[in-house]
Amino acid sequence: MSENVHVDEMFGKNVFTVGKMKERIPKKVFQEVLRVMETGGELSLATADVVANAMKEWAIENGATHYTHWFQPLTGITAEKHDAFVTNPDDEGHMILEFRGKELIKGEPDASSFPSGGLRSTFEARGYTAWDCTSPAFLKESAAGTILCIPTAFCSYKGEALDKKTPLLRSMEAVSEQALRIVRIFGNTEATKVAASVGPEQEYFLVDRSNYLKREDLKVAGRTLFGSAAPKGQEMEDHYFGVIRERVGAFMKDLNEELWKLGVTAKTQHNEVAPAQHELAPIFDYANIAVDRNQIVMETMKRVAEKHDLACLLHEKPYAGVNGSGKHNNWSLSTDNGVNLLDPGDTPNENIQFLLVLACIVKAVDTHADLLRQSASDVGNDHRLGANEAPPAIISIFLGEQLEDVVEQLIATGEATSSIAGKKLKTGVSTLPDFVKDATDRNRTSPFAFTGNKFEFRMVGSADSIASPNTTLNTIVAEAFCEAADRIEKAADKQLEIHDVIKEFLTDHQRVIFNGDGYSDEWVAEAERRGLPNIKSMVEATETLTTDKAVKLFEKFKVFTKAELESREDILYETYSKTINIEALTMIDMAAKQIVPAVSKYTKTLADTVIAVKNAGANPEATESVLNETVAYLNDVKRALDNLVKVQAEAHAIEDHKKQAYFYKDEVKDAMDALRAPADKLEMLVDKEMWPFPTYGDLMFEV
Ligand code: ADP
Ligand code: MG
């Protein structure tokens, strides 16, 4: 009970909520802000001044000294440049704290070193940040002090998007506009917009900080580049589980409290898939807010972990041979008068609307499977997608037994008159069962699963921003809605046309529906027969951004211009190359400065032992055999190391970004694997005391 009161007080404490704004500014001004928040447009400078002042006073009351335009450049993380509220002291030496409207709504960070993919030439290095007033400002408490963070979009001088937020906001407007046409067809005249809602489930690993600091790969690359599997055995996990719970529990409590203060509704849970792996899911929100909050969640996890002498690993694959981390992106669409378009509902009218919406989503996902897969790709996620791990790189939709049955009936006869549960709902056009929620989440191997009243896109990487997946989802669905609405709006017999559209969309795109085991080899073969794309890596996925199909789609809905897509493609190639390059250099460093010296010392110990044993007249057979094996692997390591040095230099010299990315993927990664293999063998042979860094066993079980 007392704890609840505590949570109440804490929740949103560090957020400048609409409620707080309302309390602090005159009613008329507040109404103007609210109008802009709801219907878009620009705040007048006079209004912005009032809001900025109220925001500043609130921030200063709560200890803030600086403000920042918090934005999401194409690096995938967030960026901020702190400006102090202080200005010149007045005549009497009093500090004046100032924050004006124009500083609230627009910023001009020195942006020349953020990636722009050629959109911004060096002589025109300016970038502008603009307040996204629909996402509330918040206070970040850190060692740097308390900072007022203003969520912003980041654009070039000519208005081209240089961030992940701008296209997301554009896509939300696009899907809202088209979805409104759909609900209007079904007589909903009240709704004024349709919002994309998102609830991301965040997976992460925790590792002891002192162990983390001893591993250059974890510090630099966020994942282990060397390491043999820990000794297997359930007993071992059980043994350590008690310890994990203690420490992780304290971390989670602290994390929850920090997140609640920032208005993030967090519910944490243990994840039993891998040792020291956990998950946090917040309650869903508007897509742009969910994107901001997910960034806050990731930042806060890292910060709080440090306080607990832990390190939080957000990488998709920190450990080879152990389950990786993803981010289940739960996505839905709801009108502002309370209708979830993905809720099957129980009135016949809404059911037909639901069927049309479903048919549109099936069409969208099939038509743009390549783009959806691209939207979930990042360098780390290449270790999950298509790498024989959850989920596969092939996009398919899981509908569940009942819904798939309805779809099959619709395709076969144009009407669905029964459902597996035996429930009938005569709608006049088609029938639909009352979907039972628990029938939805049985397939964990599907990358895109219907889960009751939303779709769960499970491909997204744990370290990645969720902006791209949601931008793509919103846009591809907007296109399908648009096509359906174009046809239905001008049809003489609308009911018949709705019926035809549903049947046609489902028939033409049923190949993307798959309810079986997405991890099986049979599915890979079956998907190929069905003609579904199986894009194996981020590099190949990147090309899909600039196909004619993609350009047409994104330009039509004003989400990306062709130039913006080209710039993004270029940045992604560069990001890929840079990331693999860092990994390669880290491996070279660890192998040359840690592994080779340590193993050389060990071979000397072994050799000395062999001689001593021989001199003593005993048989040194065992030691000799270990020595021979160790030396053989050490020689392999050295050869592979020399080769990696050579290949890395070759890769680094390539100028064309696309060619370079392919070279890193095809050549450098192989050279890295070739170095890792003998090194991991050595780890199993070398005296634990002499191995130069903590092993998988230490990392995973000493938490
Ligand atoms: P489960 O735990 O069975 O996967 P939950 O209902 O707990 O399912 O949902 C998981 C995530 O989906 C949570 O973040 C939740 O807030 C989110 N979610 C629920 N409904 C919606 C919705 N309509 N739109 C977007 N996300 C949603
Ligand atoms: Mg889930």
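Just so you know, residue 1 is the first one in the sequence shown, and it goes up from there. Order of appearance sets the numbers: ligands from 1, and atoms from 1 within every ligand. Just so it is clear, the values below take in all heavy atoms, side chains as well, and ignore hydrogens, waters and symmetry mates.
In terms of polar-atom proximity, F284 is counted as a contact of ligand 1, with an N or O under 3.5 Å from an N or O of the ligand.
In this structure, CH2 on W70 lies 6.0 Å from CD on E299, to the nearest 0.5 angstrom.
Of all atoms in ligand 1, listed by their number and element, those nearer than 4.0 Å to a heavy atom of S332 are 22 (C), 23 (N), 24 (N). Close approach to E201 involves these atoms of ligand 1, each under 4.0 Å from a residue heavy atom: 4 (O), 10 (C). Interface of I283 with ligand 1, defined as ligand atoms under 4.0 Å from a residue heavy atom, comprises 16 (O). Close contacts of ligand 1 with P282, meaning ligand atoms under 4.0 Å from a residue heavy atom, involve 13 (C), 14 (O), 16 (O). The contact set between ligand 1 and N330, taken as ligand atoms under 4.0 Å from a residue heavy atom, comprises 10 (C), 11 (C), 12 (O), 17 (C), 25 (C), 26 (N). Atoms of ligand 1 lying under 4.0 Å from any heavy atom of N340, numbered from 1 in the order shown and given with element: 23 (N).
The number of heavy-atom neighbours closer than 6.0 Å to CD of E190, taken from other residues, nucleotides and ligands shown, is 12 or below.
Under 4.0 Å is where a charged nitrogen must lie from a carboxylate oxygen, and between D382 and K317 no such pair does. Salt-bridge formation is not detected for the pair R170/E173: no Lys NZ or Arg NE/NH1/NH2 atom is positioned less than 4.0 Å from an Asp or Glu carboxylate oxygen.
The ring of W523 has its center closer than 6.0 angstrom to the ring center of F514.
Taking every heavy atom of both residues into account, I411 and K503 meet most closely at O-CE, 3.2 Å.
Neither the backbone nor the side chain of T451 has a heavy atom within less than 4.0 Å of ligand 1. In H328, neither the side chain nor the backbone holds a heavy atom less than 4.0 Å from any atom of ligand 1.
Selection from S197, A196, A281 by nearest heavy atom to atom 24 (N) of ligand 1 gives S197.
In this structure a side-chain-to-backbone donor-acceptor pair under 3.5 Å is missing from N381 to R384.
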